[in-house]
Amino acid sequence: MKKNQIKTVKGFNEVLPPESFRWRLVEDKFRDLLEGYGFAELRLALLEPTELFARSIGGETDIVEKEMYTFSDRSDRSLTLRPEGTASVVRAFNQYSLGKINEINKLYYVGPMFRYERPQKGRYRQFHQLGAEVFGEESFFQDAETLLMLAQLFHTLSVEGVVLHLNSLGCELCRPTFRDQLKSFLLERQTSLCSDCQRRMQENPLRALDCKNPSCREAVVDAPQINQSLCDDCRQHFSGLCTLLDNAELDYQVNPKLVRGLDYYTRTTFEFLAGGLGAQNAVAAGGRYDRLVAELGGKMTPAFGFAIGFERLMMLAGDKLAPLSSPFVALVPLGEEALRLLFPLYMELNRSAKVATLNFQQKSLKSQLKKADRDGVKYTLIVGPDELAQGVAICRNMQTKEQTQLSFDKLGEALRELYHEY
RNA sequence: GUGGGUGUAGCUCAGUUGGUUAGAGCGCAGGAUUGUGGCUCCUGAGGCCGAGGGUUCGACCCCCUUUACUCACCCCA
């Protein structure tokens with residue numbers, strides 16, 4: 001690395017070939033799957049008014065408190081690079097009155113997110129999420145559809161060892177009761193809690209449940225559990241979902257201590273956890289947020305969504321993907337006249353797919369064959385001075401080493417025939 | 001924000017208790033009797049040894065500073 005070499009900003013994650021091919025493979029699988037279930041893509045702004053995130057994610061969350069890329073533009077507006085996707089999708093849902101166009105809206109997005117954190121394995125400052133949101137459907141069937149769809153995605157990508165953790169956080173009727181219960185429980189044990197938990201106890205006591213500090217864990221072992229205080233509707237919603245998952249034979253663990261780092265969730269919350277990702281073990285997470293649309297100024301609209309960490313998904317799926325496809329034939333000219341002859345054929349063959357390679361540098365036959373071999377082509381088409389004189393090209397099968405002669409006027413046709421056979 | 005580890009070729013890494021031209025494997029380029037790939041062999045290109053300062057006759061090596069990367073805490077996808 002040279003002294004004055006300009007480099008990427010710390011923690012900004014870039015994807016180069018051949019990794020970028022694998023990314024697109026996975027992204028395509030995601031799109032195909034989601035679109036099969038009636039989701040449509042939303043391409044949204046990366047930059048939002050800071051207020052959007054403070055109001056949606058919650059002012060007391062770590063994301064908003066210390067992890068956002070926030071700055072002022074030239075007109076002194078406070079802007080923030082989006083740290084997650086849901087807030088923007090909800091904003092767009094309200095802004096474009098999508099709820100008035102369709103009763104149910106199923107939307108997905110793919111793209112970069114930004115959080116100012118210390119980078120480590122599976123965690124970057126610019127990272128990528130695949131996410132989806134459903135608006136207007138309150139039924140637990142929706143929760144089940146989405147969770148089962150995610151499980152299908154992992155299955156399609158041969159990702160194994162991913163475990164679904166599930167919980168219900170209740171609704172605006174039953175959660176406050178639980179919050180109060182938990183708060184007084186925590187107050188009694190205040191001295192054994194870490195400073196963060198003590199501080200957040202008032203605003204957001206639920207966070208103490210998934211604190212990783214050992215003494216906090218100890219202290220909350222016997223904490224009241226949310227599933228004990230769910231109201232009837234929430235209880236039925238959750239058990240309805242569980243039954244559907246059972247029937248579909250999807251394994252899951254109910255984890256009463258699973259709360260999420262974002263404040264907007266209600267009822268169902270979940271995480272898909274995987275080993276092999278270092279300390280960052282959540283590959284996908286999400287849940288239901290029935291009040292957020294209204295809180296951001298829209299009509300009361302139930303919603304359910306999730307986000308997948310793309311880099312984390314790739315760590316799990318990356319090396320199990322199909323190998324990259326090779327071009328079919330290497331055109332091998334010897335001399336400029338042969339190059340001129342093969343060039344139009346090359347342009348013709350690649351018109352709709354990667355079929356042929358052609359080197360413009362007049363390299364030796366040996367080195368062109370070597371390159372063709374490395375590229376994994378099935379055939380090479382050799383044209384040198386001798387062939388030019390006879391009006392034929394040598395077609396060499398790289399596996400069998402068989403060589404046949406093709407006359408110039410039938411080259412394109414003959415190659416297309418071979419290509420279709422293969 | 002807090003700790004630990006590591007910075008030597010495009011990649012993965014050796015290296016000398018401080019001593020002359022800093023090495024290997026992979027990769028890349030060329031070659032091994034005329035125009036035929038993989039295996040093998042040969043050759044070559046490519047490094048101011050992360051940066052700055054200090055100690056020394058002399059520093060890739062020792063000391064200080066700094067920076068980047070990395071892992072973990074925290075938090076999250």
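Heavy atoms only: backbone and side chains are in, while hydrogens, waters and symmetry mates are out. A, B, ... follow the sequence lines: proteins, then strands. Residue 1 opens every chain.
- Taking atom C1' in both B:rU2 and B:rA45, the straight-line distance is 46 Å, to the nearest Å.
- Here A:Lys363 reaches the OP1 or OP2 of B:rG30: one of its side-chain N or O atoms lies under 4.0 Å away.
- For A:Lys401 and B:rG38, a side-chain-to-base donor-acceptor distance below 3.5 Å is present, hydrogens and geometry of angles not being considered.
- Distance alone, capped at 3.5 Å, is enough to place a donor-acceptor pair between the A:Arg82 side chain and the A:Pro112 backbone.
- Judged by centroid separation below 5.5 Å and plane tilt below 30°, A:Phe127 stacks onto the base of B:rA77.
- Across all strands shown, the partner of B:rG1 is B:rC73, judged by Watson-Crick or G-U wobble contacts whose two distances both fall under 3.5 Å.
- Donor-acceptor pairing under 3.5 Å, judged by distance alone, is present between the side chain of A:Arg312 and the base of B:rC76.
- A donor-acceptor contact shorter than 3.5 Å is absent between the side chain of A:Asp375 and the backbone of A:Val377.
- The partner of B:rG46 is absent, by the rule that a Watson-Crick or G-U pair needs both atom distances under 3.5 Å.
- In this structure, B:rA24 and B:rU12 make a Watson-Crick or G-U wobble pair, each of the two defining distances being under 3.5 angstrom.
- Using P as the reference atom, B:rG44 and B:rA24 are 10 Å apart when rounded to the nearest Å.
- B:rG50 and B:rC69 are spaced 10 Å apart, taking the C1' atom of each and rounding to whole Å.
- If you check distances only, the side chain of A:Glu387 does reach the base of B:rG35 with a donor-acceptor pair under 3.5 Å.
- Applying the 3.5 Å distance criterion, the base of B:rC71 shares no donor-acceptor pair with the side chain of A:Arg118.
- Using cut-offs of 30° and 60° for the angle between ring planes, the A:Phe272 and A:Phe270 rings count as perpendicular.
- Residue-to-nucleotide contacts include no donor-acceptor pair under 3.5 Å from the side chain of A:Arg374 to the base of B:rG37.
- OP1 or OP2 of B:rG37 lies within a sub-4.0 Å distance of a side-chain N or O belonging to A:Lys366.
- Remark: A:Ser364 is not in phosphate contact with B:rG30, judged by side-chain N or O atoms under 4.0 Å from OP1 or OP2.
- Between A:Leu334 and A:Gln368, some side-chain heavy-atom pair lies under the 4.5 Å cut-off.
- Positionally, the nearest nucleotide of RNA chain B for A:Gly384 lies more toward the 5' end than for the other of A:Gly384 and A:Thr8.
- Searching all strands for a Watson-Crick or G-U wobble partner of B:rU33 with both distances below 3.5 Å returns nothing.
- Checking B:rC62 for Watson-Crick or G-U wobble geometry (two distances, each under 3.5 Å) identifies B:rG54 as its partner.
- Remark: P of B:rA77 and CG of A:Asn13 are 17 Å apart, rounded to the nearest angstrom.
- Aromatic ring orientation, A:Tyr116 versus A:Tyr69: perpendicular (interplanar angle above 60°, classes split at 30° and 60°).
- Considering only heavy atoms from C-beta on, A:Arg312 comes within 4.5 Å of A:Arg123 through its side chain.
- Shown here, B:rU6 forms a base pair with B:rA68; the pair counts as Watson-Crick or G-U wobble because both key distances fall under 3.5 Å.
- Counting distance only, with no hydrogens placed and no angle test, the side-chain atoms of A:Gln403 and the base atoms of B:rU36 include a donor-acceptor pair under 3.5 Å.
- Comparing B:rA14 with B:rU55, their C1' atoms are spaced 27 Å from each other, to the whole Å.
- Distances were taken from every side-chain heavy atom of A:Leu365 (C-beta onward) to each of B:rU36, B:rA72, B:rG37; the shortest belongs to B:rU36.
- B:rG18 makes up no base pair with any nucleotide shown, lacking Watson-Crick or G-U wobble contacts both under 3.5 Å.
- Mapped onto RNA chain B by nearest heavy atom, A:Gln399 and A:His128 fall at different nucleotides, with A:Gln399 at the one closer to the 5' end.
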